[in-house]
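Notes to accompany the following structure.
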Amino acid sequence: MNIAILKETEKNECRVSVIPDHVSKMTQLGVSVYAESGLGSGVDISDKQYEEAGAKIVSDRVSLLKEADMVIGINKPVIDDIKSLKKGCIYISYLDPYNEKSLIEACAKQGVRALSVEMVPRSTRAQKMDVLSSQASLAGYVMVIIAANKLKKIYPMMVTPSGTISPARVFIIGAGVAGLQAIATAKRLGARVDAFDTRAVVEEEVKSLGGKFLKIDIGETGQTKDGYAKALTPEQLEKQRAGLAKVCANSDIVITTAQIPGKKAPRIITKEMLANMQPGSVVVDMAVASGGNVEGSEVDKEVDIDGVCVIGVGNLPSRVAVHASQMYSANMYNFFSEFWDKEKKELVLDQEDEIVAGCLITDNGAISNDTIKTHYSGKGE
Ligand code: NAD
């Protein structure tokens with residue numbers, strides 16, 4: 001089996017999908033690994049290090065794709081790359097299948113078996129392959145550091161002969177994987193942390209990290225069977241904004257992480273709420289690339305709105321690309337080794353397996369994933 005590891009081509013992407021440690025482990029399983037020349041430049045890993053781990057370096061991307069039985073990447077591919085793949089080739093990366101219908105159709109047409117890392121189920125067994133968690137956790141950390149760099153104050157309380165400084169107030173909206181890591185990071189730096197999430201079940205986790213959980217009565221919210229938030233109604237969102245406004249106004253930093261899988265991110269902070277914040281406050285919008293939680297936030301820009309600095313970073317994990325690559329690569333290797341059949345020397349992707357059923361999007365020349373088929377038919381939630 002030939003595995004191709006691609007160099008990422010997206011702007012501002014420094015990560016690599018497989019690091020040399022995992023190349024070496026894959027070759028020990030009996031596969032041949034081909035790596036695109038220069039793939040590790042963003043994390044200071046040379047082609048020579050990949051060669052030493054057992055990979056063969058290929059400069060021509062098209063021939064790398066043509067020969068591959070499996071391709072591993074991070075960002076969703078361009079359709080031209082898909083057209084170079086042979087029938088039956090397995091392609092694993094982010095695919096954004098809810099929004100990328102033409103890409104998914106191109107995979108099906110080409111006979112590619114496309115695996116979407118976003119669709120790996122959030123189960124105990126799949127935890128070690130869960131890219132959403134590994135990358136979100138790092139993103140949570142990065143947001144707090146970015147905000148600290150911008151804020152003209154310090155995070156911790158200081159009692160000195162020159163006076164007492166109160167701790168910075170940090171408000172985290174959305175306490176999923178990224179939000180919880182942001183709470184932990186801000187607490188470690190000495191900030192006073194408030195947090196809110198529509199899923200009331202996270203209250204205990206927020207408290208255990210030393211954060212204060214804000215309660216707002218917005219009626220029935222709940223979560224899906226996979227533990228994701230359900231989209232709020234416009235009336236609920238309005239109630240939520242009213243409940244959040246006061247805490248935002250009293251915060252030095254607001255970090256928003258609210259997402260609904262497959263849907264545009266909810267608009268949580270309005271320009272009116274920003275206008276009520278103290279000048280010099282900092283807002284970081286993690287959802288900027290999927291619609292934005294904050295009115296006026298822009299991808300990869302810092303925008304001044306009524307004296308408040310609103311920061312949108314499209315690719316947060318890439319800011320800590322070494323550790324992000326290490327974790328992503330471990331997720332990829334864990335996926336591979338889970339489904340690698342040592343006797344047959346092939347990757348067995350059986351639709352009866354709940355992880356495969358969750359993340360295999362196209363198979364046998366068609367869209368095979370039930371959730372995505374339902375979504376494209378317009379009958380999804
Ligand atoms: P996510 O990125 O989809 O959303 C981030 C957070 O935003 C979530 O906590 C969500 O409840 C919240 N949110 C959505 N709309 C909101 C709104 N209007 N206002 C405030 N908050 C809002 O979530 P995620 O971080 O990927 O985590 C989703 C779930 O998956 C969580 O329950 C998490 O514990 C669970 N999970 C399970 C496993 C596992 O069992 N292996 C692994 C990782 C995550």
Side-chain angles (χ1 to χ4, degrees), residues 94 96 98 116-143 171-184 194-206 208-209 211 213-245 247-248 254-270 273 283-295 316-317 327 331 334-335 338 354-355 358-359 371 381:
Y94 282 91
D96 193 10
Y98 286 103
S116 159
V117 293
E118 304 94 320
M119 299 291 283
V120 168
R122 310 305 279 274
S123 62
T124 307
R125 185 179 147 231
Q127 239 169 347
K128 61 186 180 185
M129 315 164 200
D130 184 356
V131 163
L132 289 189
S133 292
S134 69
Q135 305 301 295
S137 190
L138 293 168
Y141 166 88
V142 171
M143 285 187 292
F171 186 26
I172 314 282
I173 303 175
V177 179
L180 291 171
Q181 189 56 247
I183 295 169
D194 294 286
F196 173 74
D197 197 296
T198 49
R199 292 179 305 117
V201 290
V202 297
E203 178 175 354
E204 283 315 308
E205 289 174 84
V206 169
S208 73
L209 292 169
F213 190 76
L214 176 71
K215 288 188 181 164
I216 307 173
D217 184 8
I218 50 175
E220 175 63 30
T221 49
Q223 58 180 16
T224 66
K225 63 173 175 36
D226 304 313
Y228 287 114
K230 288 186 179 165
L232 300 182
T233 63
E235 294 73 32
Q236 283 180 311
L237 258 176
E238 200 46 55
K239 275 191 190 165
Q240 175 183 341
R241 288 191 203 104
L244 297 178
V247 186
C248 287
V254 176
I255 290 176
T256 66
T257 76
Q259 311 254 19
I260 306 289
K263 294 207 163 79
K264 198 165 170 267
R267 179 56 52 85
I268 290 174
I269 311 269
T270 59
M273 289 160 81
V283 177
V284 186
D285 183 358
M286 183 182 165
V288 67
S290 56
N293 291 147
V294 183
E295 189 179 2
L316 289 156
M327 284 183 167
N331 296 145
N334 291 335
F335 184 93
E338 181 83 12
E354 54 130 14
I355 297 175
C359 65
T371 311
E381 265 186 58

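One-based numbering, in listed order, for ligands and for the atoms of each.
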Which residue and atom name correspond to the protein heavy atom nearest [atom], and how close is it?
atom	value
atom 26 (O) of ligand 1	R122 NH1, 3.0 Å
atom 17 (C) of ligand 1	T198 CG2, 3.5 Å
atom 32 (O) of ligand 1	R199 NH1, 2.7 Å
atom 29 (C) of ligand 1	G227 O, 3.1 Å
atom 7 (O) of ligand 1	A258 CA, 3.4 Å
atom 1 (P) of ligand 1	Q259 CB, 4.0 Å
atom 5 (C) of ligand 1	T257 O, 3.2 Å
atom 8 (C) of ligand 1	D197 OD2, 3.5 Å

Any idea which atoms of ligand 1 are less than 4.0 Å away from a heavy-atom of [X]?
X	value
S133	42 (C), 43 (C), 44 (C)
Y228	3 (O), 26 (O), 28 (C)
Q127	41 (N)

I need the contact type for L232 against ligand 1. Using non-hydrogen atoms and a strict under-4.0 Å cut-off, is it side chain, backbone, both or neither? side chain
Mode of A175 contact toward ligand 1 - side chain, backbone, both, neither (heavy atoms, under 4.0 Å): backbone
Under a 4.5 Å cut-off applied to non-hydrogen side-chain atoms, are [X] and [Y] in contact?
X	Y	value
K230	E220	no
K128	N331	no
T198	I218	yes
L244	I173	yes
F213	D197	yes

Backbone of D96 reached by a side-chain donor or acceptor of E118 within 3.5 Å: yes
For the 3.5 Å polar cut-off, considering only N or O atoms, please tell me whether [X] and ligand 1 meet it.
X	result
S123	yes
D130	no
G176	yes
Q240	yes
T124	no
I268	no

Going by distance alone, is a donor N or O of one side chain under 3.5 Å from an acceptor N or O of the other, for [X] and [Y]?
X	Y	value
Q259	S290	yes
R122	Y228	yes
E295	T270	no

Would you check whether I260 reaches within less than 4.0 Å of ligand 1, judged by its heavy atoms? yes
Is A136 near ligand 1, meaning one of its heavy atoms is under 4.0 Å from it? no
Nearest heavy atom to atom 25 (O) of ligand 1 wins, so pick from T256, L180, V177. V177
Is there a side-chain contact (heavy atoms from CB on, under 4.5 Å) between I355 and F335? Walk through the geometry before answering. CA-CA 9 Å; I355 297 175; F335 184 93; 4.3 Å; yes
How long is the span from the CD1 atom in I172 to the OG1 atom in T256, to the nearest 0.5 Å? 9.5 Å
Looking at atom 12 (C) of ligand 1, tell me if a protein heavy atom falls under 4.0 Å from it. yes
Protein non-hydrogen atoms only, distance under 4.0 Å: does atom 34 (O) of ligand 1 have such a neighbour? no
Which pair of non-hydrogen atoms, one from P266 and one from N293, has the smallest distance, and what is that distance? O-ND2, 2.7 Å
Minimal heavy-atom distance between A178 and M143, with the atoms involved, is CB-CE, 4.5 Å
Y94 OH: over 12 foreign heavy atoms closer than 6.0 Å: yes
